[in-house]
S.K.: 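This is the structure I want to talk about, given as C-alpha cells.
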Amino acid sequence: AADCLDQRALTDLLILSLGPAADLSGQPSACARFLSQIMEQDFIDNTKMEQLIEDLPYPLENFLSCLVIRFSEKAFLPYSYLQFQLEEIFPHTNMGVFRGDIVLFYSQPVRPAEKLNFSYEKLNALLAEFSACAAVSNATRHKTYLRTEYLMACDTLRLAAALKPERNPS
C-alpha cells in the first residue's frame, strides 16, 4: 500500500508527461489554437471572433484580461504541470502555451475595480518557484481586442525586463 500511487499523484504524473500546449489527447490545446489564429490575422471581426471563442473550453465572461507568464529558462519547463497549478489559481480559465509563454484569458462578470479576482499571493509564489514574471492587460468587454490585450501584456513584460533586467526573464 505504501508503494502505491494515489489518484492525485497519478494525475500529476500524467500532467507532467504531456508536452507544452497539449491537452489530455496530446493534441494542441484549444487555447493554443485560438492564440495562433488570433495572432496570425491582422483583423478579426465580431462574427469570426465569436466562432473562434466557441471552440474554447470555458465560456468568457463580460470583462476579459490577458495574463502572460514568461520564464527566464525555457529549455525545460513542465508546462502541463504549470498549467495544472494555474488551474488551481484561475479555475475555469482558458489558457495555453504560445511562443514559450503561458497565456491566460481571464474573465469575470463585472469590471474589476482595482485588482482582478484571483489570489495574487498564490500566483506570486508560483512565479517565484519557476523564476517567472507575469503581466496583466487592461480588462475589456470587447472580445475582438484580445489580440491587442495579449500584445499589451507582452509589451509590459518587455518594459519590466528593460527596467529591472536582473529580476525579469527576457
Side-chain angles (χ1 to χ4, degrees), residues 15 18-71 74 77 79-120 122-124 126-127 130 132-163 168-170:
I15 289 168
L18 297 173
D23 61 19
L24 291 176
S25 70
Q27 297 299 311
S29 74
C31 294
R33 287 190 305 270
F34 175 79
L35 281 161
S36 292
Q37 289 172 329
I38 67 170
M39 293 306 295
E40 290 171 1
Q41 299 178 25
D42 288 332
F43 176 76
I44 298 176
D45 64 20
N46 283 331
T47 304
K48 177 67 175 171
M49 182 61 80
E50 289 298 330
Q51 291 170 345
L52 294 173
I53 288 171
E54 284 180 17
D55 291 336
L56 292 174
Y58 302 108
L60 297 176
E61 300 281 349
N62 293 335
F63 290 92
L64 309 164
S65 294
C66 181
L67 189 138
V68 178
I69 300 173
R70 185 162 292 161
F71 303 90
K74 293 185 183 177
L77 283 170
Y79 283 104
S80 297
Y81 173 77
L82 287 162
Q83 288 177 269
F84 180 73
Q85 295 299 312
L86 288 165
E87 183 71 33
E88 300 282 323
I89 301 168
F90 303 94
H92 310 292
T93 298
N94 295 295
M95 71 178 86
V97 177
F98 186 70
R99 298 180 181 165
D101 299 330
I102 295 180
V103 181
L104 296 94
F105 290 115
Y106 182 79
S107 63
Q108 58 188 54
V110 296
R111 181 177 293 282
E114 291 180 22
K115 292 183 173 183
L116 297 174
N117 189 20
F118 64 85
S119 173
Y120 285 82
K122 289 180 181 178
L123 177 61
N124 286 334
L126 186 63
L127 294 174
F130 288 94
C133 284
V136 182
S137 74
N138 184 41
T140 182
R141 74 177 93 209
H142 303 287
K143 294 174 183 166
T144 56
Y145 293 0
L146 284 175
R147 180 178 191 266
T148 302
E149 298 300 316
Y150 166 79
L151 293 171
M152 285 183 356
C154 288
D155 286 346
T156 301
L157 284 170
R158 277 192 286 281
L159 178 61
L163 294 174
N168 294 286
S170 55

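Excluded from the calculations below are hydrogen atoms, water molecules and symmetry mates; all remaining heavy atoms, backbone and side chain alike, are included. Index from 1, following the sequence.
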S.K.: State plainly whether the residues K143 and E50 are in salt-bridge range, i.e. N to O under 4.0 Å.
M.R.: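 A salt bridge is present here (some side-chain N lies under 4.0 Å from a carboxylate O).
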S.K.: Would you mind reporting whether F90 and N117 have side-chain heavy atoms less than 4.5 Å apart?
M.R.: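 They are not in contact (no side-chain heavy atoms under 4.5 Å apart), so the answer is no.
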S.K.: Checking S137 side chain against C66 main chain: does a donor-acceptor pair fall under 3.5 Å?
M.R.: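 Pair found, side chain donor or acceptor close to backbone of C66.
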S.K.: Return yes if some donor-acceptor pair links the side-chain N/O of Q108 with the main-chain N/O of V110 below 3.5 Å, else return no.
M.R.: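 Yes, Q108 side chain to V110 backbone: donor-acceptor pair under 3.5 Å.
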S.K.: Are any non-hydrogen side-chain atoms of K48 and Q37 less than 4.5 angstrom apart?
M.R.: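 No, side chains not in contact.
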S.K.: For the CZ atom on F63, are there more than 12 heavy atoms of other groups (residues, nucleotides or ligands in this structure) within a distance under 6.0 Å?
M.R.: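 For F63, atom CZ is crowded (more than 12 foreign heavy atoms under 6.0 Å).
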S.K.: Could you give the distance from CG (L60) to CG (L146), rounded to the nearest 0.5 Å?
M.R.: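 With rounding to 0.5 Å, CG (L60) is 7.0 Å from CG (L146).
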S.K.: Walk me through it: do I69 and L104 pass the test side-chain contact (heavy atoms from CB on, under 4.5 Å)?
M.R.: CA-CA 8 Å; I69 300 173; L104 296 94; 4.0 Å; yes
S.K.: Side-chain contact, heavy-atom cut-off 4.5 Å: L52 with R33?
M.R.: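 Side-chain contact under 4.5 Å: no.
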S.K.: Less than 4.5 Å apart, side chain to side chain, heavy atoms only: is that true for K122 and Q85?
M.R.: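 Counting from C-beta outward, K122 and Q85 never come under 4.5 Å.
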S.K.: How many angstroms lie between atom SG of C154 and atom CD of E149, to the nearest 0.5 angstrom?
M.R.: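 Result: 11.5 Å between the selected atoms.
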S.K.: Mind checking the CD-CG spacing from Q51 to D45? Nearest 0.5 Å is all I need.
M.R.: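 Reported value, rounded in 0.5 Å steps: 8.0 Å.
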S.K.: Between R158 and D155, does any side-chain N to carboxylate O distance fall below 4.0 Å?
M.R.: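 Salt bridge present between R158 and D155.
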S.K.: Mind listing the closest non-hydrogen atom pair of D55 and A30 along with its distance?
M.R.: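 Smallest interatomic distance, heavy atoms only, reads O-CB, 3.4 Å.
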S.K.: Answer yes or no: is there a side-chain heavy-atom contact under 4.5 Å between I102 and R70?
M.R.: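 Result no, sub-4.5 Å side-chain heavy-atom pair not found.
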S.K.: Go through it in stages, so that I can follow the logic: the residues are N94 and F34, the test is side-chain contact (heavy atoms from CB on, under 4.5 Å), and I'd like the CA-CA distance, side-chain angles, deciding distance and then a yes or no.
M.R.: CA-CA 10 Å; N94 295 295; F34 175 79; over 6 Å; no
S.K.: Can C133 and L157 be said to form a side-chain contact (heavy atoms from CB on, under 4.5 Å), step by step?
M.R.: CA-CA 7 Å; C133 284; L157 284 170; 3.9 Å; yes
S.K.: Between L67 and T93, is the side-chain contact (heavy atoms from CB on, under 4.5 Å) condition met? List the steps.
M.R.: CA-CA 11 Å; L67 189 138; T93 298; over 6 Å; no
S.K.: Hey, is the main chain of L116 close enough, under 3.5 Å, to the side chain of Y120 for a donor-acceptor pair?
M.R.: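 Confirmed, Y120 side chain pairs with L116 backbone.
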S.K.: Looking at side-chain heavy atoms only, is the closest gap between Y106 and V136 below 4.5 Å?
M.R.: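 SC-SC contact between Y106 and V136 ruled out.
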S.K.: Working note: Y79 + Y81, criterion ring pair (Phe, Tyr, Trp, His ring centres under 6.0 Å); need CA distance, chi angles, decisive distance, verdict.
M.R.: CA-CA 5 Å; Y79 283 104; Y81 173 77; over 10 Å; no
S.K.: Would you please indicate if the ring centroids of Y150 and F105 are separated by under 6.0 Å?
M.R.: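 No, the ring of Y150 stays outside the 6.0 Å limit from the ring of F105, centre to centre.
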S.K.: Indicate yes or no for a side-chain donor-acceptor contact from D101 to the backbone of V103 under 3.5 Å, with no hydrogens or angles considered.
M.R.: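 Not a single qualifying donor-acceptor pair exists.
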S.K.: Between E61 and S107, do the side chains contain an N or O donor and an N or O acceptor separated by less than 3.5 Å?
M.R.: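 The answer is no; no qualifying pair exists.
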S.K.: How many angstroms lie between atom CZ of R141 and atom CG of L64, to the nearest 0.5 angstrom?
M.R.: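 Atom-to-atom, R141:CZ and L64:CG are 11.0 Å apart.
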S.K.: Any heavy-atom pair between the side chains of M49 and I38 that's under 4.5 Å?
M.R.: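 I38 vs M49: side chains touch.
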S.K.: Tell me whether E87 contacts the main-chain N or O of H92 through its side chain, where contact means a donor paired with an acceptor under 3.5 Å.
M.R.: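 Such a contact is found between E87 side chain and H92 backbone.
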S.K.: Please round to the nearest 0.5 Å and tell me the distance separating atom CZ of F118 and atom CD1 of I89.
M.R.: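 Here the rounded value is 8.5 Å.
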